[in-house]
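Some notes on the structure that comes next.
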Amino acid sequence: MATTVSTNIDANAAQFVAQTRKMLINGKWMAAASGKTFPTYNPATGEVLAMVAEGDKEDIDRAVAAARKAFENDSPWRRMTASERGRLIWKLGDLIDKHTEELATLESLDNGKPLTVARAADVPLAAELFRYMAGWTTKLEGNTIPLSVPYTPGARYHAYTLREPVGVVGQIIPWNFPLLMAAWKLGPALAAGCTIVLKPAEQTPLSALRLAELIMEAGFPDGVVNVVPGYGETAGAALAAHPDVDKIAFTGSTEVGKMIVKAAAGNLKKVTLELGGKSPNVIMKDADLEIAIPGAASAIFFNHGQCCCAGSRLYVDAAIYDKVVEGVSEQAKKIKVGPGLDPATQLGPLVSDEQLRRVCGYLESGFSEGAKAAAGGHKVGDKGYFVEPTVMVNTKQNMKIVQEEIFGPVVTAIPYKNVEELLPAANDTVYGLAAGIWTTNINKAHSLAAELRAGTVWINCYNIFDAALPFGGYKQSGWGREMGHEALELYTETKAVCARYA
Ligand code: ADP
């Protein structure tokens with residue numbers, strides 16, 4: 001029932017969207033218990049792209065039961081050696097590589113991002129994440145611990161810790177990097193030996209469903225990974241509140257993150273959150289503008305500004321402010337806006353009509369409060385959800401467009417006189433996800449990096465991600481970290497074992 005997409009695309013992807021997609025529970029592809037389906041749209045046209053089984057509480061219950069069964073002590077997954085587990089995860093990484101074109105096409109069709117970007121970034125980063133995590137399975141070690149129990153003189157103890165998987169994990173992911181967010185979540189959970197119920201975003205369920213097929217092809221036992229597409233208020237809420245889920249990992253808005261925390265309180269499941277941001281990107285007087293100007297443009301316009309770590313507040317030393325604004329505006333005007341499948345496209349549509357209205361609402365709010373657009377500022381065309389790359393000037397720190405996360409290709413450029421004025425302004429946000437610094441002075445760079453309240457600080461670069469580098473937020477940008485060995489720790493419990501032997 002999906003609309004036809006261009007015949008000029010990867011044949012496997014075209015075939016994938018042509019059929020109603022089911023959900024994966026206990027290794028089987030199933031329709032929703034209710035029989036309901038929901039549409040996912042092509043943001044470049046606003047037309048229905050594919051129909052997908054609409055999971056709800058009953059499907060979540062089934063998926064959690066399957067994940068629990070797969071986590072039982074004598075299950076094939078729990079009996080597997082760490083090395084065998086690692087090889088399966090590595091194989092999944094290789095299968096992703098093998099299907100790059102298909103996955104990148106699905107990502108571009110469903111999310112709107114340029115196919116060229118999905119092919120060069122989203123898909124290989126997802127594959128690499130699994131390979132990085134595969135290596136950790138054999139390295140999750142505990143410690144031996146010397147005891148000095150004062151009230152049992154003469155007694156001797158052998159004590160050690162075990163790192164065990166946290167159990168059944170619920171994972172709820174957003175639509176901005178649908179495949180990569182699935183990888184960030186699944187990789188460490190699988191490496192730690194957990195079983196999983198994953199709920200992709202309703203706007204972009206397709207690549208996670210294709211990934212689920214690859215998971216089965218790789219040979220993971222039934223029930224280890226279950227994927228239930230559906231809406232947040234129904235399927236997502238049921239997963240967050242489920243009494244038999246041991247941990248919930250969520251990426252999305254800060255607003256929904258707070259709801260997840262409340263829902264998780266019922267059984268006090270562990271919670272990790274990767275939430276919103278309003279990241280400051282600072283260009284100092286001595287910066288190399290040849291790299292800082294395109295760097296600042298890419299910090300906000302990459303993925304159409306739909307990155308939780310987007311460099312959305314550009315702070316520029318007043319001495320070079322005009323030059324930088326002119327440079328970033330020139331970059332913005334040069335960006336080729338168009339459908340993601342067009343090889344010339346550099347900036348695709350926003351993901352949904354809702355996001356289009358939200359971003360346009362912020363632009364209007366900025367204008368009504370006195371801000372001006374040095375570049376862009378408007379919606380593009382009547383079909384699809386396109387917005388011009390926009391540079392806002394004449395802004396004040398207390399304006400909504402400076403304080404709130406826009407999640408679109410809109411940067412506010414603000415001059416500063418000195419570091420004493422810069423620091424409080426840069427840190428004046430409820431968020432603390434990321435920050436950027438552009439300078440040729442190494443002392444200034446590291447001293448500012450230490451003072452910015454953010455989980456990631458990029459110096460003379462931006463949006464650099466690596467499976468080994470932890471990512472997450474200070475303040476209301478989240479709890480815990482994704483990627484690196486820190487992510488793994490958050491999917492394990494530490495068990496202390498203490499034995500008296502004399
Ligand atoms: P955005 O506003 O950018 O769409 P959300 O935070 O609403 O981001 O969505 C991120 C993910 O959270 C999606 O998978 C969505 O379905 C899910 N979600 C939304 N509302 C809830 C909720 N009340 N409980 C659980 N999950 C939710």
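Just so you know, ligand 1 is whichever comes first in the structure, and atom 1 is the first atom listed for that ligand. All figures in this text were calculated on a predicted structure; none of them were measured in a lab. Quick note: residue numbers are just sequence positions, from 1.
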Can you see whether [X] engages [Y] through a side-chain donor-acceptor pair at a distance of less than 3.5 angstrom?
{"X": "Tyr385", "Y": "Gln355", "value": "no"}
{"X": "Asp61", "Y": "His242", "value": "yes"}
{"X": "Lys247", "Y": "Thr272", "value": "yes"}

* **Within 45° cone of Tyr431 ring axis and under 6.0 Å: Lys475 NZ or CZ** => no
* Lys/Arg cation over aromatic Phe16: Arg21, 6.0 Å, 45° cone ->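 Yes - Arg21 lies over the ring of Phe16, closer than 6.0 Å to its centre and within 45° of its axis.
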Which of the atoms of ligand 1 are close to [X], meaning less than 4.0 Å from one of its heavy atoms?
{"X": "Ala237", "value": "24 (N), 25 (C)"}
{"X": "Trp175", "value": "1 (P), 3 (O), 4 (O)"}
{"X": "Met259", "value": "23 (N)"}
{"X": "Ala201", "value": "14 (O)"}
{"X": "Gly236", "value": "24 (N), 25 (C), 26 (N)"}
{"X": "Ile173", "value": "11 (C), 13 (C), 14 (O)"}

* **Contact partition for Ile260 relative to ligand 1, non-hydrogen atoms under 4.0 Å** => side chain
* Side chain or backbone of Ser253 under 4.0 Å from ligand 1, or both, or neither, by non-hydrogen atoms? ->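 Answer for Ser253: both.
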* ligand 1 and Glu202, any nitrogen or oxygen pair closer than 3.5 angstrom? ->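 Yes, Glu202 has an N/O under 3.5 Å of an N/O on ligand 1.
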* **For atom 17 (C) of ligand 1, the protein heavy atom that lies nearest, with its residue and separation** =>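 The answer is Ile172 CG2, 3.6 Å.
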* Asked: Considering only protein heavy atoms, which is closest to atom 7 (O) of ligand 1, and at what distance to one decimal place?
  -> Val256 CG2, 3.7 Å
* Asked: Counting heavy atoms only, which of Pro205, Gly230, Gly232 comes nearest to atom 27 (C) of ligand 1?
  -> Gly232
* Asked: Any non-hydrogen atom of Phe250 lying under 4.0 Å from ligand 1?
  -> yes
* Asked: Parallel, tilted or perpendicular for Phe465 and Trp184, by the 30°/60° rule?
  -> tilted
* Asked: Angle class for the Trp136/Tyr132 ring planes (parallel below 30°, perpendicular above 60°, tilted otherwise)?
  -> perpendicular
* Taking only Lys NZ, Arg NE, NH1 and NH2, and the carboxylate oxygens of Asp or Glu, determine whether Lys400 and Glu369 approach each other closer than 4.0 Å. => no
* Asked: Looking only at heavy atoms, which two atoms of Pro229 and Ala53 are closest? And how far apart?
  -> CG-O, 3.4 Å
* To do: May I ask whether atom 9 (O) of ligand 1 is less than 4.0 Å from at least one protein heavy atom?
  =>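 No; the ligand atom in question lacks any protein heavy-atom contact below 4.0 Å.
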